[in-house]
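Note that the structure is predicted; figures quoted are calculated from it, not measured. All heavy atoms count here, side chains included; hydrogens, waters and symmetry mates do not. Lettering of chains follows the sequences in order, A, B, ..., and the numbering in each one begins at 1.
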There are 2 protein chains.
Amino acid sequence: MLSIAEENYLKAIYKILEKTGSKEASTKLIAQEMGTSSASVTDMIRKLNEKELLNYEKYYGVSFTKEGLKYSLDLIRKHRLWEYFLHTQLQFSWDKIHEIAEQLEHVKSEELIDRLDQFLDYPKYDPHGDPIPNKNGSFTFRTQFILGNLTEKNKEFIVLGVRSHDSEFLQYLDSLVIQPGRRLKILEYNAFDQSHLLQNEDHKILSISNKISNEILVKEL
Amino acid sequence: MLSIAEENYLKAIYKILEKTGSKEASTKLIAQEMGTSSASVTDMIRKLNEKELLNYEKYYGVSFTKEGLKYSLDLIRKHRLWEYFLHTQLQFSWDKIHEIAEQLEHVKSEELIDRLDQFLDYPKYDPHGDPIPNKNGSFTFRTQFILGNLTEKNKEFIVLGVRSHDSEFLQYLDSLVIQPGRRLKILEYNAFDQSHLLQNEDHKILSISNKISNEILVKEL
DNA sequence: AAATTATTTTAGATTTGCCTAAATTTTGCT
DNA sequence: AGCAAAATTTAGGCAAATCTAAAATAATTT
Ligand SMILES: [Mn+2]
Ligand SMILES: [Mn+2]
Ligand SMILES: [Mn+2]
Ligand SMILES: [Mn+2]
């Protein structure tokens, strides 16, 4: 059993590896992600190395061991299942759930998360569209496009998720009725500033900058 | 915002005051309840006194301040609401819920507990029959009897709760179909050893020692 | 009212997770 | 290759929460 601090380091490393696509995470990036000093990171990764959750070579960053990766995936699973619970059962808006899930994910009980999974009917994606690992740590993949890359007029899409989880961004999307499961139609695409003119499910016309559209994930139809 | 350790001390003190009916809790009893040394208790109660949650007079134990009592009641509320959730929604048996609620009760979010309360439809009693304080910290009382004190033949009762939360005791009651909401009928009372012969809801005949019956709370009808 | 016992507090350490500053090592650049 | 910059580790310290042992105080018994 790991402490909350140790678990948060694992999550930070997972997030870095996911974002950079690399196999190793540097002390610097971990410190940045955790909001701590590099010295603290060195202390902690040495400890997690001793617990055989991280492969650590002095001066060359860390990678996950098999057990470290599985532990991280379990944390991601717990976090996203709790987010799903908060959103679908307790009606929390999607900009409020992350912070609470950050606490709930550290509750230690395998049976709890298994029963929660069953209670929620084994959801595959969280309220932000991120995949939820199953008990074995495997994700369900799906083809998805970044709205910002789509330019075809009159084409219709279903929102799948978002790439930014920024609270204000999510609230803004709420105000535009752009949420997972909602429909969007491209009315116009402006190649000069890469902005879109969209129609939402409520037939409202929306003008969206590429700053926004690049953070929205959709599928056709 | 208090640390988990600080919160657990408040709960321990609450439990002692409830059990002893006294206004002050001694260092010794707190240490016993927490499973720590008296020295640790002295350190902590001095800290909680500085935070104005406890009234503390050196060598004479502690009592709650108004804020300390409210904080404790909020913790009891969270604990019991989570237990109710685990039992009624996730189908955990009543002997498993306490341990998990001990973790969940420390999640910090007032909105979370308010929404959970609403989701569960404002339950007044937890799965062990203990009252759940409302948002203002007030309990709903009800008249209840200790089964061990009841001797009248052929009288019928509804189980309301239990006074011991021991896991093995609860499992034993499960095996006898003695659970909150279930009916019980007194077939015989033996004054010599104070044992009861009962009939449960499944029409099974049960012989119950006073050791057991003294831990069961019931109401008439 | 002493003396003994029980309880509580103080003193001094330990562990965890964090910090800053200094030393070391690697990396990038001319 | 050599030097400067960047990253990392080490050293030393701090706060929280714990411990054991010793000292102080209160309660009980004679
Ligand atoms: Mn999240
Ligand atoms: Mn999410
Ligand atoms: Mn409980
Ligand atoms: Mn309970």
Side-chain angles (χ1 to χ4, degrees), chain A residues 1-17 19-20 22-64 68 71-72 75 102-103 105-106 108, chain B residues 1-13 16-17 19-20 22-64 68 71-72 75 102-103 105-106 108:
Chain A
M1 283 291 149
L2 300 188
S3 69
I4 291 178
E6 289 168 326
E7 291 190 343
N8 282 334
Y9 272 93
L10 287 185
K11 281 217 314 165
I13 292 163
Y14 185 91
K15 203 167 170 186
I16 290 163
L17 298 184
K19 184 161 7 188
T20 64
S22 160
K23 209 84 178 61
E24 293 94 28
S26 71
T27 303
K28 179 102 183 288
L29 281 180
I30 298 170
Q32 223 148 60
E33 179 67 33
M34 291 292 300
T36 61
S37 70
S38 293
S40 299
V41 173
T42 302
D43 283 348
M44 184 58 94
I45 61 184
R46 203 186 289 111
K47 183 156 64 130
L48 292 173
N49 173 249
E50 253 137 51
K51 295 193 178 187
E52 299 189 53
L53 295 162
L54 296 178
N55 305 118
Y56 171 44
E57 267 211 279
K58 252 176 149 188
Y59 290 105
Y60 292 92
V62 292
S63 63
F64 279 125
Y71 202 115
S72 303
L75 288 169
E102 289 280 40
Q103 300 181 63
E105 74 194 3
H106 299 294
K108 265 110 179 159
Chain B
M1 284 291 149
L2 300 188
S3 69
I4 291 177
E6 289 169 325
E7 291 190 343
N8 282 334
Y9 272 93
L10 287 186
K11 280 216 314 164
I13 292 163
I16 290 164
L17 298 185
K19 183 160 10 188
T20 63
S22 161
K23 209 84 178 60
E24 294 95 27
S26 71
T27 303
K28 178 104 185 288
L29 280 180
I30 298 169
Q32 224 147 59
E33 180 66 34
M34 291 292 298
T36 61
S37 69
S38 292
S40 300
V41 173
T42 302
D43 283 348
M44 184 58 95
I45 62 185
R46 203 186 289 110
K47 183 156 62 131
L48 290 173
N49 173 250
E50 252 136 52
K51 295 194 178 185
E52 299 189 52
L53 296 161
L54 296 178
N55 305 119
Y56 171 44
E57 267 212 277
K58 250 176 151 188
Y59 290 103
Y60 293 92
V62 292
S63 64
F64 280 125
Y71 202 115
S72 303
L75 287 170
E102 289 280 43
Q103 300 180 63
E105 72 194 6
H106 299 294
K108 266 112 179 156

Find the distance [X]:[atom1] to [N]:[atom2] and express it as a whole number of Å.
X       : N      : atom1 : atom2 : answer
B:Glu24 : C:dT7  : CD    : C1'   : 16 Å
B:Glu50 : D:dA15 : CD    : P     : 14 Å
A:Met34 : C:dT16 : CE    : C1'   : 14 Å
A:Leu2  : C:dT15 : CG    : P     : 19 Å
A:Met44 : C:dT16 : CE    : C1'   : 8 Å
B:Leu54 : C:dT8  : CG    : P     : 15 Å

Checklist entry - With distance as the sole criterion, is a donor-acceptor pair present between the side chains of A:Glu7 and A:Tyr71 under 3.5 Å? => result yes
Next on the checklist: Using a 4.0 Å heavy-atom cut-off, does B:Ser40 contact any base of the nucleic acid, only the sugar-phosphate backbone, or nothing at all?
Outcome noted: base
Item to check | Non-hydrogen atoms of A:Ile16 and A:Ala25 that approach each other most closely | outcome: CG2-CB, 3.9 Å
Checklist entry - Do the non-hydrogen side-chain atoms of A:His106 and A:Asn8 ever get within less than 4.5 Å of each other? => result yes
Next on the checklist: If you define the side chain from C-beta out and look only at heavy atoms, does anything of A:Lys51 sit under 4.5 Å from A:Leu2?
Outcome noted: yes
Checklist entry - Between B:Thr36 and B:Tyr9, is a side-chain contact (heavy atoms from CB on, under 4.5 Å) present by the stated rule, with each step listed? => result CA-CA 11 Å; B:Thr36 61; B:Tyr9 272 93; 3.7 Å; yes
Within the sub-3.5 Å range, which N or O atoms of nucleotides 9-11 of chain C have a protein N or O partner, and how far apart are they?
residue : atom : partner : partner atom : Å
C:dT9   : OP1  : B:Tyr56 : OH           : 2.3
C:dT9   : OP1  : B:Tyr59 : N            : 2.9
C:dT9   : OP2  : B:Thr27 : OG1          : 3.2
C:dT9   : OP2  : B:Thr42 : OG1          : 2.8
C:dT10  : OP1  : B:Lys58 : NZ           : 2.8
C:dT10  : OP2  : B:Arg46 : NH2          : 2.2

Checklist entry - Is A:Glu33 salt-bridged to A:Lys11, cutoff N-O under 4.0 Å? => result no
Next on the checklist: So if I take residues 3-13 of chain B and measure heavy-atom distances to DNA chain C, which residues fall below 4.0 Å?
Outcome noted: none
